[in-house]
Amino acid sequence: MTVRTRFAPSPTGYLHIGGARTALFNWLFARRNNGKFVLRIEDTDVARSTGESIQAILDGMEWLGLTWDEGPFFQSKMFDLYREHAKKLLDAGLAYRCFCTAAELEARREAALKDGRPPKYDGRCRARVDAPDMPYAVRFKMPASGSTSFNDIVKGGISFDNSTLEDLIILRSDTTPTYNFCVVVDDATMGITHVIRGDDHINNTPKQIHIYNALGHGVPVFGHLPMILGSDKTRLSKRHGATSVMAYKEMGYLPHSLVNYLARLGWSHGDQEIFSIEEMVEKFSLDSVGKSSGVFNPEKLLWLNHHYIKETGEADLVPLLLPFLSALGIDASSDARLAAIIKTLKERSKTLIEMADGAVFYFKDKVDYDAKAVEKFLTPDTLPLFEEIQAGIAGITAFEEPVIEAAFNAVLNARGLKLGKLAQPVRVALTGGTVSPGIFEMMAAMGKEMTVKRLNDAIGFIKGRAG
RNA sequence: GGUCCUAUCGUCUAGAGGCCUAGGACGUGGCCCUCUCAAGGCUAAAACCCGGGUUCGAAUCCCGGUAGGACCGCCA
């Protein structure tokens with residue numbers, strides 16, 4: 001039997017961190033077992049589902065590289081299928097018509113809660129023989145006694161007393177189907193073998209098992225993943241920072257960083273922290289998924305992103321960085337220096353946004369000098385140093401790091417100075433500030449033309465200040 | 001209120017009864033390296049929720065507390 005998993009989000013918002021991890025684990029499990037991964041959109045709540053949300057979810061999946069083998073299927077297009085199955089249950093006496101109105105139900109629920117009783121439907125329409133001419137919902141008959149248990153692949157054995165289960169509505173009075181019914185019909189008809197989802201669905205599982213049974217279908221394997229919490233240990237929400245997957249793209253994260261982070265949130269393989277996609281697929285196992293909920297840690301994600309930026313080749317980073325430069329008004333798409341520039345920035349950029357910010361000085365026509373930096377380093381006594389290094393640099397034909405370094409050493413040795421005395425003023429002249437990549441690699445990346453021009457500009461600037 | 005789930009450093013986790021003086025990673029502190037900032041190297045502080053069992057021996061198994069969380073819709 002080939003493994004079939006699915007991710008079944010409801011399109012009422014963007015793809016969030018928790019959903020992404022559920023999707024990832026389903027994807028990983030399917031890949032690991034040479035199975036199929038199905039995408040299904042659970043949009044039975046027509047009022048709350050939107051086209052934008054569907055697109056946002058698809059975009060998020062695609063960005064993360066979670067490709068699906070089948071789908072997307074839309075529940076809203078399969079209403080007839082659910083009605084058909086509901087009718088079968090009705091005909092078989094496994095479900096019944098309920099004429100209670102939503103208002104009545106609500107009133108009874110409130111009363112029960114107030115009295116401290118379980119707010120469970122009392123089954124009053126179960127034995128009803130008349131059929132008033134009014135709208136009705138279809139309820140599923142839950143067994144009143146006994147117990148239901150299943151062996152959860154991540155949590156272990158779980159058991160429920162059937163007396164706690166209520167006759168749930170499977171078809172609303174407007175004839176649209178409800179969640180618990182659709183999931184079962186779909187998972188059954190789509191041949192899903194492993195239902196891997198958040199553990200907020202554990203309480204739904206016994207109800208669904210009975211529906212499987214009523215439908216005469218085998219029950220899949222269930223695996224319930226622990227929740228992802230915010231720093232205050234409550235369910236992750238906007239309060240804890242960005243929860244949208246695509247927000248991380250916009251903040252300059254690489255998709256692999258998020259995937260690696262999410263994989264390790266809940267799953268582990270010994271002490272290993274860094275996984276390529278291939279390694280994850282090869283090593284993934286639901287047995288190694290932890291049972292307890294985990295706190296989302298943005299710092300660790302940032303560390304991973306920094307790691308992968310360092311690991312990714314400059315050429316591969318070029319197209320990823322371009323949009324972030326555009327956002328700063330820089331069109332570097334035809335600048336041949338870009339790969340070399342990125343190389344100087346990788347070690348000090350935790351995100352692509354930081355990298356773009358750090359790259360700005362390479363592209364501007366004129367340098368904006370930082371006032372404090374000017375006071376400290378563009379002083380009159382540095383003028384001779386600038387003139388000497390400018391001459392040395394201008395004379396270089398092969399503009400490469402070792403040659404540039406030699407030019408610096410020539411000036412330094414003649415005067416018995418340490419590199420810092422020359423490097424800092426030059427850094428200010430070239431970038432406007434006191435923080436930048438290493439001076440030689442930076443000059444090489446900047447190119448001779450711009451370097452010499454900025455040195456000249458600095459000389460003129462210092463002379464201007466003195467005079 | 002009921003049902004269900006969970007419990008190792010601040011956080012993610014390793015740990016399948018003796019390999020545990022509880023390991024790794026993020027973060028934090030210190031030192032080294034150094035042209036700034038980083039990166040890198042070394043290093044330090046930091047945890048088995050509590051109480052009972054079982055056992056020669058328990059972080060690990062059992063029971064009970066406690067604490068968190070999830071769910072109890074004609075939402076998904």
Side-chain angles (χ1 to χ4, degrees), chain A residues 8-12 42-45 47-49 75 98 100-102 105-106 109 112-121 135-139 152 155-156 158-161 163-166 168-180 182-183 198-206 224 226-227 229 231 233-235 261 264-274 288 290-304 306 310 345-350 358 373 377 408 412 418-428 431 433-440 442:
Chain A
S10 65
T12 52
E42 309 225 319
D43 55 352
T44 53
D45 187 346
R48 294 206 304 155
S49 302
Q75 290 188 326
C98 173
C100 300
T101 67
L105 259 15
E106 183 56 30
R109 186 184 343 269
L113 248 17
K114 205 177 147 206
D115 298 352
R117 286 179 288 117
K120 179 181 155 183
Y121 179 67
Y136 59 86
V138 177
R139 278 188 193 270
D152 192 284
K155 299 271 190 179
I158 299 178
S159 183
F160 291 82
D161 218 332
S163 63
T164 64
L165 273 24
E166 76 169 350
L168 82 176
I169 288 175
I170 58 176
L171 240 46
R172 301 182 184 95
S173 47
D174 66 359
T175 77
T176 59
T178 59
Y179 167 75
N180 277 110
C182 297
V183 204
D199 71 8
D200 48 338
H201 287 285
I202 288 182
N203 288 304
N204 285 326
T205 307
H224 288 98
M227 298 276 89
L229 274 24
S231 50
K233 305 232 180 187
T234 62
R235 202 181 176 135
Y261 178 74
R264 277 288 288 104
L265 216 196
W267 172 73
S268 62
H269 184 77
D271 282 341
Q272 189 171 348
E273 296 286 351
I274 304 296
S288 320
K291 299 177 181 181
S292 53
S293 48
V295 174
F296 182 76
N297 184 349
E299 256 88 48
K300 188 161 182 180
L301 171 58
L302 192 59
W303 170 76
L304 273 166
H306 191 16
K310 286 186 285 182
L345 263 12
K346 277 175 27 169
E347 279 182 0
R348 46 214 109 210
S349 307
K350 290 189 169 75
F377 296 110
F408 268 70
L412 263 17
K418 287 187 66 175
L419 178 56
K421 288 291 177 197
L422 181 54
Q424 278 306 85
V426 169
R427 193 184 310 281
V428 176
T431 72
T434 55
V435 173
S436 86
I439 200 81
F440 309 127
M442 175 175 70

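Values reported hereafter were calculated over all heavy atoms of this structure, with side chains retained and with hydrogens, waters and symmetry mates removed. So that the names make sense, note that chain A is the first sequence line, chain B the second, and so on, each numbered from 1.
Listed nucleotides B:C71, B:G1, B:C12 differ in distance to A:E273; the shortest reach to its side chain belongs to B:C12. Of the candidates B:C74, B:C35, B:U6, B:U6 carries the atom nearest the A:S292 side chain, counting heavy atoms from C-beta on. Closest to the A:K300 side chain, of the nucleotides B:C35, B:A7, B:C26, is B:C26. Side chain of A:K310, nearest nucleotide from B:U36, B:A39, B:A76: B:A39. Nearest nucleotide to the A:R348 side chain, out of B:U13, B:C26, B:U36: B:U36. Listed candidates were B:U3, B:A38, B:C4. Nearest to the side chain of A:H306 is B:A38. If you check B:C4, B:G69, B:C26 against the side chain of A:T234, the one that comes closest is B:G69. In the set B:U13, B:C5, B:A76, the nucleotide with an atom closest to the side chain of A:L265 is B:U13. Nearest to the side-chain atoms of A:V435 among the listed nucleotides B:U36, B:C74, B:C5 stands B:U36. Closest to the A:K155 side chain, of the nucleotides B:C26, B:U6, B:C74, is B:U6.
The C1' atoms of B:C48 and B:A22 are separated by 8 Å, rounded to the nearest whole Å. Between B:A70 and B:C74, the distance separating the two C1' atoms is 23 Å to the nearest Å. Going from the C1' atom of B:U66 to that of B:G52 covers 14 Å, rounded to whole Å. For the C1' atom pair drawn from B:G40 and B:U34, the interatomic distance equals 11 Å after rounding to whole Å. B:U13 and B:A38 are spaced 28 Å apart, taking the C1' atom of each and rounding to whole Å. Comparing the P positions of B:U11 and B:G68 gives a spacing of 15 Å, expressed to the nearest Å. Nucleotides B:G27 and B:A46, compared at atom C1', are 11 Å apart to the nearest Å. Spacing of C1' atoms, B:C75 relative to B:G17, comes out at 47 Å, to the nearest Å.
Contact between the side-chain N/O atoms of A:T44 and the OP1/OP2 oxygens of B:A76 is found at a separation under 4.0 Å. Residue A:R109 places at least one side-chain N or O under 4.0 Å from the OP1 or OP2 atom of B:C74. Between A:K418 and the phosphate of B:U34, there is no side-chain N or O to OP1/OP2 separation shorter than 4.0 Å. Contact annotation: A:S268 reaches the phosphate of B:A14 (side-chain N/O to OP1 or OP2, under 4.0 Å). Not one side-chain nitrogen or oxygen of A:R264 sits closer than 4.0 Å to the OP1 or OP2 atom of B:U13. Contact between the side-chain N/O atoms of A:R172 and the OP1/OP2 oxygens of B:A76 is found at a separation under 4.0 Å. For the pair A:R235 and B:G68, the criterion of a side-chain N or O lying under 4.0 Å from OP1 or OP2 is not met.
Remark: the backbone N or O of A:S163 is paired with a side-chain donor or acceptor of A:K120 at under 3.5 angstrom.
Looking only at side-chain heavy atoms (C-beta outward), A:T178 and A:T44 stay at 4.5 Å or farther from each other. Residues A:N297 and A:W303 form no side-chain contact, since every pair of their non-hydrogen atoms from C-beta on lies 4.5 Å or further apart.
Counting any heavy atom pair closer than 4.0 Å across all strands shown, A:I202 reaches sugar-phosphate atoms only and no base atom. Nucleic acid contact class of A:S436 (heavy atoms, under 4.0 Å, all strands): base.
There is no side-chain donor-acceptor pair under 3.5 Å between A:R48 and A:T12.
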Can you pull every protein N or O that's under 3.5 Å from an N or O on nucleotides 28-31 of chain B?
none

